[in-house]
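Only one structure is covered here, and it is reproduced in the block below.
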Amino acid sequence: MRQDQDSSRRQWFQQLEQATHQSSVALSELIDHLAFNADGLIPVITQDAESKTVLMHAWMNKTALLTTLDTGFVTYWSRSRQQLWKKGESSGHFQQLISMAVDCDGDTLLCLVQQTGPACHTGRPNCFYLAVDSQKQTVVVQGNAGQ
C-alpha cells in the first residue's frame with residue numbers, strides 16, 4: 001500500500017513539473033500528496049523572510065501544518081514531547097508565517113517567517129550556530145547563548 005502511495009505521489013508531483021507559470025492546484029490536493037514519513041511527519045526548514053537566514057529545522061504532522069495555515073503562526077510537532085508545539089508559546093519568540101513553499105517532490109516544507117526574538121532555544125538567533133571549519137577540523141561556536 002505504501003509503495004502505491006509513493007508512486008501516486010511521485011506521479012502527481014511529476015505532473016506539476018510540466019505546469020505553466022501561475023497555474024494552480026487546490027491546497028487540499030497538495031496536502032494529500034505530501035510525503036509524510038512513516039511517523040506522519042514532514043521536515044520543515046524555517047527561514048527569516050527578510051534576511052533569508054535559515055533559522056531552524058523541525059517537523060510537522062498534518063495537524064501542525066493545518067494549524068499553521070489556519071492561524072498564521074508556525075506550529076510544529078515535537079518529537080521529544082510527542083505533541084503539537086506552537087513556536088514561541090512558552091518563550092514569546094513567535095514565528096509569524098509570511099509564506100510557505102513545498103519542494104519539487106513534496107517531501108520538505110519551507111516556511112518564511114517573521115521571527116520575534118531568537119529562534120533557538122539556546123537564545124541564539126538561529127539553531128545553526130556550530131560552524132564547521134573543515135580545513136582546521138574544528139567546530140566554532142557562533143554567538144553567545146541568550147543573545
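Bear in mind that the values here come from a model prediction, so they are computed numbers and not experimental data.
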Just to verify, what does [X] make a side chain to side chain donor-acceptor pair (under 3.5 Å) with, not counting sequence neighbours?
X	result
E29	W12
T75	none
S51	D48, T53
T63	none

What distance separates C104 SG from L16 CG, expressed to the nearest 0.5 Å?
10.5 Å
What residues, two or more places apart in sequence or in another chain, satisfy salt bridge (charged side-chain N to carboxylate O under 4.0 Å, His left out) together with K62?
D32
Connected via hydrophobic side-chain network under 4.5 Å: [X] and [Y]:
X	Y	answer
I45	V102	no
I31	W77	no
L55	F94	no
M100	I98	no

Does the side chain of [Y] come within less than 4.5 Å of [X]'s, by heavy atoms?
X	Y	result
V44	H57	no
L65	N61	no
R9	L34	no
V140	L130	no
L97	F73	no

Is the backbone of T67 close enough, under 3.5 Å, to the side chain of T71 for a donor and an acceptor to pair up by distance?
yes
Atom of [X], atom of [Y] and distance for their closest heavy-atom approach:
X	Y	answer
V74	M60	CG1-CE, 3.8 Å
F36	I42	CE2-CG2, 3.7 Å
W85	A58	CZ3-CB, 4.2 Å

With sequence neighbours excluded, tell me which residues meet side chain to side chain contact (heavy atoms under 4.5 Å, CB included) with [X].
X	answer
D70	none
H121	none
S134	Q137
Y129	C120, T122, R124, V141, Q142

Going by atom types only, do Y76 and T68 share a side-chain donor-acceptor pair under 3.5 Å?
no
Sequence neighbours left out, what pairs pass salt bridge (Lys or Arg N to Asp or Glu O under 4.0 Å) with at least one residue falling in residues 126-143?
none
Any salt bridge (Lys or Arg N to Asp or Glu O under 4.0 Å) pairs touching residues 76-104, not counting sequence neighbours?
none
Considering only distance and modelled atom types, tabulate donor-acceptor pairs under 3.5 Å from the side chains of residues 107-119, sequence neighbours left out.
| unit_1 | atom_1 | unit_2 | atom_2 | d |
| --- | --- | --- | --- | --- |
| Q115 | OE1 | Q95 | NE2 | 2.8 |
| Q115 | NE2 | H93 | O | 3.3 |
| Q115 | NE2 | G117 | O | 3.4 |
| Q115 | NE2 | P118 | O | 3.3 |

